[in-house]
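Just so you know, these numbers use all the heavy atoms, side chains as well, and skip hydrogens, waters and symmetry mates.
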Amino acid sequence: MKLATLRHEGATTAIRIEDDEAVVLDAPNVDALLADPDRFAAAATEDGPRIGLANADYAPVVTWPGKIVCVGQNYLNHILEMGREAPEYPTLFTKYPEALIGARDDIQLPPESDKVDWECELAIIVGRPVRRATPAQAEAAIAGFAVLNDISMRDWQNRTLMWDQGKTWERSAPFGPWLVTPDELPGGVRPTLDVRCLVDGEVMQADNTRDLVFDPVALVQYISTILTLKPGDVIASGTSGGVGHARKPPRYLSAGAEVVTEIEHLGRCHNRAVNEEVLDA
C-alpha cells in the first residue's frame, strides 16, 4: 500500500496511490490513519473519489510527527568520508516537525548559514506503540518507509559537539512523497533499496540501504529502549557518502539549486533551494 498526504481544495487529505491516480480517503492526513491500526489497515481497500497526480501538491507524508529521531553515521562510506570510526551504538539527534516540507516544496536557505548540505535518508515510519521492543515487536511496529532529506546547516551543526542546532532549521527538510508499506518492498522491514541524491542533475550520493550499519529493526529496538515510540513517529536512518561538506573543496546549496532525493520504490522529493524571506521585526 502506498499512502500520502495531499494538499487539496484548501485542506489536506489522505490518499492511496494507485498507478497515476489517487483514491481520496476519509481522513485528513496519514497521521490520522496511523493513529488507528484498524483505520490504517482499512485504507488498503477503501473506495473514494479519484484524482490525478500530475500536479499533486504533497504535504509532508506525516504532517506532524510526535518525534523525529535522526541517526548519524549509519553508512560505512559516510563514516569514513567524515573521518570517523564505525560506531558501537547508533548516534542519535532530533529534528522537529517545523523543519518538514513536502516532496515538491522549496527548501528555505536561512541568511544565517552559508553551508547548507544535503543528506538523502530512508525514513522509518512507526505504526504502533512499542517500548523495549523485541525483534518481532520492532518489525511489527514499522508501518512503512519514505524519503527524507536531512538538510543540514553545517556551520551551525559544528558550532558545538551537539548537532541538533544545525539539523532542524524551519522549512528545510523534504519528507515524502508517500509512505510505502514493507510488504511491497524487497527485504520488507529490512529493505534493500537504491538511494540517490542529485544536485542540479549531478549524482552526489548513490548507495543501497543494505549498507546501513544499524538496520530499521535494530533502530526501532534501540530507540524504543529509551522511550515509547508511537504511531506517526519518524526515524531518519542516516545518510550515505557523498555529502557536500566532505567534498574537496566542500560544496553547499545556493539559491536556485535543484535537489532530488530518491529511493527505489519510495519515489522522489524534487525541491528547489530558495533564500528565505526574513521580515523585519
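In this structure, a donor-acceptor pair under 3.5 Å is absent between the side chains of S237 and N74. Of the N and O atoms on the side chains of T12 and N29, not one donor lies less than 3.5 Å from an acceptor on the other residue.
Listed for the D233 side chain is a donor-acceptor partner under 3.5 Å among the backbone atoms of K230. Put simply, the side chain of T192 never gets that close to the backbone of G187: no donor and acceptor are under 3.5 Å apart. Between the side chain of E121 and the backbone N or O of G238 there is at least one donor-acceptor pair closer than 3.5 Å. Listed for the W156 side chain is no donor-acceptor partner under 3.5 Å among the backbone atoms of S152. Here the side chain of W118 pairs no donor or acceptor atom with the backbone of T261 at under 3.5 angstrom. Without hydrogens or angle criteria, Q221 side chain to A218 main chain gives no donor-acceptor distance under 3.5 Å. Between the side chain of R104 and the main chain of P177, no donor-acceptor pair closer than 3.5 Å is present. Judged by distance alone, with hydrogens and angles left aside, the side-chain atoms of R196 form no donor-acceptor pair with the main-chain N or O of D207 at under 3.5 Å. Under the 3.5 Å distance criterion, the side-chain polar atoms of E264 are matched with a main-chain donor or acceptor of D194. The backbone N or O of P110 lies less than 3.5 Å from no partner atom in the side chain of S113, so there is not a single donor-acceptor pair.
Residues passing the salt bridge (charged side-chain N to carboxylate O under 4.0 Å, His left out) test with D47 are R50, sequence neighbours excluded.
Residues V61 and V30 come closest through the heavy atom pair O-CB, 3.2 Å. Shortest non-hydrogen contact noted between R7 and P60 is NH2-CD, 3.9 Å. Among all heavy-atom pairs drawn from S240 and Y75, the shortest one is N-CD1, 3.4 Å. For the residue pair P65 and P97, the shortest heavy atom distance occurs at O-CG, 3.3 Å. Taking all atoms of both residues into account, the shortest heavy-atom contact from S224 to V130 is CB-O, 3.7 Å. In terms of heavy atoms, T239 sits closest to Q205 at OG1-NE2, 2.7 Å.
Hydrophobic cluster membership differs between I68 and L229, with clusters built from Ile, Leu, Val, Met, Phe, Trp and Tyr side chains linked at under 4.5 angstrom. Cluster annotation: L34 is not connected to L6 through the hydrophobic network of ILVMFWY side chains, with a link wherever side-chain heavy atoms come within less than 4.5 Å. Following chains of ILVMFWY side-chain contacts shorter than 4.5 Å, one can reach I235 starting from L266, so the two form part of one hydrophobic cluster. Cluster membership for I263 and V189, using ILVMFWY side-chain heavy atoms within less than 4.5 angstrom, is shared. L227 and W64 are assigned to two separate hydrophobic clusters, defined by single-linkage of ILVMFWY side chains at heavy-atom distances under 4.5 Å.
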Walk me through whether D105 and D57 qualify under side-chain contact (heavy atoms from CB on, under 4.5 Å).
CA-CA 8 Å; D105 293 341; D57 185 7; 4.1 Å; yes
Is there a salt bridge (Lys or Arg N to Asp or Glu O under 4.0 Å) between E276 and R171 once you walk through the steps?
CA-CA 9 Å; E276 180 183 354; R171 294 181 294 157; 3.7 Å; yes
side-chain contact (heavy atoms from CB on, under 4.5 Å) evaluation trace for Y222 with V71
CA-CA 11 Å; Y222 188 83; V71 184; over 6 Å; no
Mind running salt bridge (Lys or Arg N to Asp or Glu O under 4.0 Å) on R16 and E21 for me, showing each step along the way?
CA-CA 9 Å; R16 184 181 71 250; E21 63 178 8; over 6 Å; no
Determine whether L253 and V259 satisfy the following criterion, side-chain contact (heavy atoms from CB on, under 4.5 Å), listing intermediate values before the conclusion.
CA-CA 9 Å; L253 296 178; V259 185; 3.7 Å; yes
Using the rule given for side-chain contact (heavy atoms from CB on, under 4.5 Å), can you reason through I125 versus V62, listing the C-alpha separation, both sets of side-chain angles and the distance that settles it, and then say yes or no?
CA-CA 8 Å; I125 300 172; V62 180; 4.0 Å; yes
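Within the structure, every pair that satisfies the side-chain hydrogen bond (donor to acceptor under 3.5 Å, both in side chains) test and touches residues 210-220, not counting sequence neighbours, is listed here: R190-D215.
Between I124 and V234 there is no side-chain heavy-atom pair separated by less than 4.5 Å. Residues L3 and I15 fail the side-chain proximity criterion, which asks for heavy atoms closer than 4.5 Å. Within the 4.5 Å cutoff, side-chain heavy atoms of L122 are placed close to those of P191. Using a 4.5 Å heavy-atom cutoff, the side chains of I223 and T225 are not in contact. At a threshold of 4.5 Å between non-hydrogen side-chain atoms, the residues L92 and C70 do not count as touching. Within the 4.5 Å cutoff, the side chain of R132 has no heavy atoms near those of the I226 side chain. At a threshold of 4.5 Å between non-hydrogen side-chain atoms, the residues V180 and L185 count as touching. Counting only heavy atoms from C-beta outward, the side chains of Q165 and Q157 never approach each other to under 4.5 Å.
Rounding to the nearest 0.5 Å gives a distance of 10.5 Å between CG of L212 and CZ of F214. To the nearest 0.5 Å, atoms CD (E98) and CH2 (W169) are separated by 14.0 Å. Atom CG of D117 is separated from atom SG of C197 by 8.5 Å, given to the nearest 0.5 angstrom. Taken from CD1 in I107 to CD1 in I151, the straight-line distance is 4.0 Å, to the nearest 0.5 Å. Interatomic distance, N275 CG to E277 CD, rounded to the nearest 0.5 Å: 9.0 Å. One distance of note links CD of E46 with CG of L33; it measures 8.0 Å at 0.5 Å rounding.
Enclosure of atom CG in D19 is not indicated, since only 12 or fewer non-hydrogen atoms of other residues, nucleotides or ligands lie within 6.0 angstrom. For K67, the NZ atom is densely surrounded, since the number of other residues' heavy atoms within 6.0 Å is greater than 12. Heavy atoms from other residues, nucleotides or ligands lying under 6.0 Å from CZ of R128 number 12 at most.
Using a 4.0 Å cut-off between charged nitrogen and carboxylate oxygen, D150 and K167 count as a salt-bridge pair. Between K2 and E184 no salt bridge is recorded (no basic side-chain N to carboxylate O distance below 4.0 Å). The residues R154 and D114 are annotated as not salt-bridged, no charged nitrogen and carboxylate oxygen being separated by less than 4.0 angstrom. With respect to the salt-bridge test (charged N to carboxylate O, under 4.0 angstrom), the residues K115 and D155 do not qualify.
Using the six-membered ring where Trp is involved, Y252 and H245 have ring planes that are tilted, between 30° and 60° apart.
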Donor-acceptor contacts, no H, no angles, side chain residues 140-149, under 3.5 Å, sequence neighbours left out:
from, atom 1, to, atom 2, distance (Å)
N149, OD1, E119, N, 3.0

